[in-house]
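Heads up: the structure comes next, in structure tokens.
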Amino acid sequence: MNTPIADFVRRYAASGTARLHMPGHKGRAFLGCEPYDITEIAGADSLYEADGIIAQSENNAAALFGSARTLYSTEGSSQCIRAMLYLCLNCRARGARPVIVAARNVHKAFVFACAMLDFEIIWLWPESMSSLCACEVSPEALGKTLSGLDAPPAAVYITSPDYLGGTADIAALAKVCHEHGTLLAVDNAHGAYLRFLSPSLHPMELGADICCDSAHKTLPVLTGGAYLHIGKHAPAAFAQQAKQAMALFGSTSPSYLTLMSLDLCNAYLADGYPQRLCETVERINALKQRLTARGWRVLPGDPLKLTLDACAADTTGTALAQMLRENGMECEFADPETLVLMLTPENSEEDLARLESALGENLAAARPWPVLPAAKGERVLSVREAMFAPHETIPAKEALGRICGAPTVACPPAIPVAVSGEMITKEALELFAHYGIDEVDVVAE
């Protein structure tokens with residue numbers, strides 16, 4: 001597969017052209033990558049008005065992912081989430097309300113988008129709360145929610161895979177959405193690679209109308225590289241207005257280093273990646289089986305995630321993370337109950353062997369996984385009203401009864417305990433304490 005962006009940038013870097021344009025480093029090597037760091041010069045195309053090399057590269061990506069249209073982001077899935085929600089609201093079907101039905105484990109980028117776009121949210125809550133990161137939504141529960149509305153929402157929004165690797169039944173959820181006259185939007189930030197499994201488990205293959213992928217999370221792409229995919233059966237206006245939507249939320253100075261890496265990734269995916277991925281998944285599955293035999297409990301889900309239940313080892317995920325750190329390894333995420341390790345074909349056999357050796361055998365007696373409360377706070381203000389009101393930061397233990405301002409949560413996992421405009425409840429205080437959140441942002445009194 002051709003790589004038009006990378007080819008152009010390399011030719012320009014080798015040309016010896018005097019750079020009488022931005023950026024200010026003029027291609028001189030301070031970090032080492034500067035010769036390839038360019039701007040929208042003649043022939044380089046322009047991300048939000050693409051009709052040249054960027055358009056060619058995005059078309060290559062669309063062919064690889066089986067979408068009606070794929071657009072590049074150099075500002076991660078956060079930009080794509082905002083554009084996705086804008087399209088769902090702005091291009092919604094006649095009679096649909098400016099409402100998004102969303103599983104509660106949204107990334108805070110979703111909340112920030114709500115503040116900017118000023119839409120109503122109807123939350124889908126799990127039947128039992130096991131983790132801030134997880135929110136299992138069954139097709140039956142979704143159907144019941146949609147049947148109870150007086151008009152279809154603009155879209156249903158779910159996160160799959162979630163941060164722990166949990167995956168939703170996207171095909172069944174898409175069917176329910178379409179039967180109720182609405183669309184399915186998926187935050188697939190952790191699942192770009194799912195397209196290349198056999199069979200494909202990517203949302204575009206399973207009936208979602210629109211989704212985002214963080215390419216940089218699971219593919220060899222620089223941080224910030226992401227895709228917005230539009231399904232082949234999505235409203236035609238989605239593809240027509242997609243660039244406008246992305247431009248609305250993106251910088252006019254996108255990183256050509258990131259664009260170059262997205263472009264090169266197309267060739268990587270087209271050149272035997274499915275086979276390499278299959279072999280990697282087999283190695284990971286074998287490691288999971290060996291760890292299970294040694295007393296570890298591995299949570300099911302996302303094939304490239306290895307998520308350990310720390311409760312089954314009578315410890316915490318944060319303690320396990322520190323142990324790995326002391327052995328020269330760094331995890332993706334840890335909380336009181338879990339340790340999350342993200343693996344790809346670029347992890348060596350040595351990486352897996354070091355991990356297995358460091359974990360050893362789990363001989364501890366399991367402690368019960370705590371039952372966490374759901375922080376279903378009363379909505380007092382809209383997200384927009386709360387986000388744009390004067391704020392103050394106070395100790396979390398003093399926040400009972402206050403109105404949440406900006407979501408206070410670290411990234412990862414960037415999933416809010418309380419959402420802007422909600423009254424902070426005692427259940428929220430319990431979750432703040434559980435996840436080590438000491439201060440919260442509230443609307444000033």
How far apart are the C-alpha atoms of Asp438 and Phe432, what are their side-chain angles, what is the distance that settles it, and do they pass the side-chain contact (heavy atoms from CB on, under 4.5 Å) test?
CA-CA 7 Å; Asp438 298 322; Phe432 290 147; over 6 Å; no

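- Proximity of a side-chain donor or acceptor of Ser261 to a complementary backbone N or O of Thr258 within less than 3.5 Å is detected.
- Ionic pairing of Glu332 and Lys305 is not present here: no N-O contact between side-chain nitrogen and carboxylate oxygen is shorter than 4.0 angstrom.
- Side-chain contact check for Thr338 and Asp335: at least one donor-acceptor pair (N or O, by modelled atom type) lies under 3.5 Å.
- Side-chain contact annotation: Thr70 with Glu58, donor-acceptor N/O pair under 3.5 Å absent.
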List the steps and the verdict of side-chain contact (heavy atoms from CB on, under 4.5 Å) for Glu356 and Leu287.
CA-CA 8 Å; Glu356 186 173 359; Leu287 173 59; 3.6 Å; yes

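- Using modelled atom types, one finds no donor on one side chain facing an acceptor on the other under 3.5 Å when comparing Tyr163 with Asp302.
- Side-chain contact between Phe112 and Arg82: present, with at least one pair of heavy atoms (C-beta onward) separated by less than 4.5 Å.
- Remark: the backbone N or O of Leu184 is paired with a side-chain donor or acceptor of Asp209 at under 3.5 angstrom.
- Side chains of Ser357 and Arg354: no donor on one and acceptor on the other come within 3.5 Å.
- When all heavy atoms are compared, the tightest approach of Ala396 to Ile437 is CB-O, 3.4 Å.
- Between Ile5 and Ser57 the shortest heavy-atom distance is CD1-CB, 3.7 Å.
- Salt bridge annotation for Lys288-Glu282: absent, with no cationic side-chain nitrogen under 4.0 angstrom from a carboxylate oxygen.
- The aromatic rings of Phe196 and Phe65 sit perpendicular to each other, their planes meeting at more than 60°, with 30° as the lower class boundary.
- By the 30° and 60° cut-offs, the orientation of the rings of Phe249 relative to Tyr86 is perpendicular.
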Intermediate values then yes/no, side chain to side chain donor-acceptor pair (under 3.5 Å), Glu350 and Ser348
CA-CA 5 Å; Glu350 181 189 0; Ser348 66; 4.6 Å; no

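- Side chains of Arg283 and Glu349 form a contact here, defined as non-hydrogen atoms less than 4.5 Å apart.
- Leu259 has its side chain out of reach of Leu257: every pair of non-hydrogen atoms, C-beta onward, lies at least 4.5 Å apart.
- Glu346 CD: more than 12 foreign heavy atoms inside a 6.0 Å radius.
- With 3.5 Å as the limit, one finds no donor-acceptor pair spanning the side chains of Glu75 and Ser73.
- For the atom pair CG of Leu269 and SG of Cys265, the computed distance is 4.0 Å after rounding to the nearest 0.5 Å.
- Checking side-chain atoms of His107 against main-chain N and O of Ala109 turns up a donor-acceptor pair under 3.5 Å.
- Checked by atom type and distance alone, the side chain of Thr316 never pairs as donor or acceptor with a backbone atom of Pro336 at under 3.5 Å.
- Looking only at distances, no side-chain donor or acceptor of Thr280 sits under 3.5 Å from a matching main-chain atom of Thr344.
- Met84 contributes atom CE, which lies 7.0 Å from atom CG of Leu228 (distance to the nearest 0.5 angstrom).
- For the residue pair Ser77/Ser214, the side-chain donor-acceptor check at 3.5 Å is satisfied.
- A donor-acceptor pair shorter than 3.5 Å can be found between the side chains of His434 and Glu337.
- Between Leu219 and Tyr273 the shortest side-chain heavy-atom distance falls below 4.5 Å.
- Side-chain contact between Arg10 and Met260: present, with at least one pair of heavy atoms (C-beta onward) separated by less than 4.5 Å.
- Summarising the geometry of Val221 relative to His216, their closest heavy-atom pair is O-CB, 3.4 Å, with the distance given to 0.1 Å.
- The number of heavy-atom neighbours closer than 6.0 Å to OH of Tyr36, taken from other residues, nucleotides and ligands shown, is 12 or below.
- The main-chain N or O of Ser382 is found under 3.5 Å from a side-chain atom of Glu385 such that the two form a donor-acceptor pair.
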side-chain contact (heavy atoms from CB on, under 4.5 Å) between Ile81 and Cys212, worked out:
CA-CA 7 Å; Ile81 287 168; Cys212 65; 3.9 Å; yes

Go through it in stages, so that I can follow the logic: the residues are Arg402 and Glu445, the test is salt bridge (Lys or Arg N to Asp or Glu O under 4.0 Å), and I'd like the CA-CA distance, side-chain angles, deciding distance and then a yes or no.
CA-CA 9 Å; Arg402 298 295 297 271; Glu445 293 182 333; 3.2 Å; yes

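- The pair Glu140-Lys144 does not meet the salt-bridge criterion, since no charged nitrogen lies less than 4.0 angstrom from a carboxylate oxygen.
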How far apart are the C-alpha atoms of Arg97 and Glu120, what are their side-chain angles, what is the distance that settles it, and do they pass the salt bridge (Lys or Arg N to Asp or Glu O under 4.0 Å) test?
CA-CA 9 Å; Arg97 295 172 54 208; Glu120 181 186 344; 3.0 Å; yes

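- One distance of note links CZ of Arg290 with CG of Asn285; it measures 11.0 Å at 0.5 Å rounding.
- Atoms CG and CG, on Leu306 and Leu359 in that order, are 7.5 Å from each other to the nearest 0.5 Å.
- Side chains of Thr218 and His190: no donor on one and acceptor on the other come within 3.5 Å.
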Test side-chain contact (heavy atoms from CB on, under 4.5 Å) on Thr3 and Asn266; report intermediate values, then the result.
CA-CA 7 Å; Thr3 53; Asn266 289 337; 5.7 Å; no

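- Proximity of a side-chain donor or acceptor of Gln79 to a complementary backbone N or O of Met246 within less than 3.5 Å is detected.
- Minimum interatomic distance between Arg294 and Gly360 (heavy atoms only, all atoms of both residues): CD-O, 3.8 Å.
- A salt bridge links Glu422 with Arg379: at least one charged nitrogen is closer than 4.0 Å to a carboxylate oxygen.
- Relative to the ring axis of Tyr268, Arg276 places its NZ or CZ within 45° and under 6.0 Å from the centre.
- The shortest side-chain heavy-atom distance between Leu71 and Ile230 falls under the 4.5 Å cut-off.
- Remark: the His25 side chain and the Asp37 side chain contain an N/O donor-acceptor pair separated by less than 3.5 Å.
- Atoms CD1 and CG, on Ile158 and Asp187 in that order, are 9.5 Å from each other to the nearest 0.5 Å.
- Gly317 and Ala310 make their closest contact through N-CB, 3.3 Å (heavy atoms, listed as atom of the first residue, atom of the second, distance).
- Listed here is the closest heavy atom pair of Pro303 and Leu194: CD-CD2, 4.4 Å.
- Checked by atom type and distance alone, the side chain of Asp263 pairs as donor or acceptor with a backbone atom of Ala6 at under 3.5 Å.
- Between the side chain of Thr182 and the backbone N or O of Cys177, no donor-acceptor pair lies under 3.5 Å.
- Not less than 6.0 angstrom separates the ring centroid of His233 from the ring centroid of His178.
- Arg367 contributes a side-chain N or O that, together with a main-chain N or O of Thr315, makes up a donor-acceptor pair within less than 3.5 Å.
- Taking the six-membered ring for Trp and the full ring otherwise, the centers of Tyr48 and Tyr72 sit at least 6.0 Å from each other.
- Note that CZ of Phe110 is 10.0 Å distant from CG of Leu117, once rounded to the nearest 0.5 Å.
- Judged purely by distance below 3.5 Å, without hydrogens or angles, the side chains of Asn188 and Asp213 pair a donor atom with an acceptor atom.
- Residues Val340 and Cys331 have side chains not in contact (no heavy-atom distance under 4.5 Å, counting atoms from C-beta outward).
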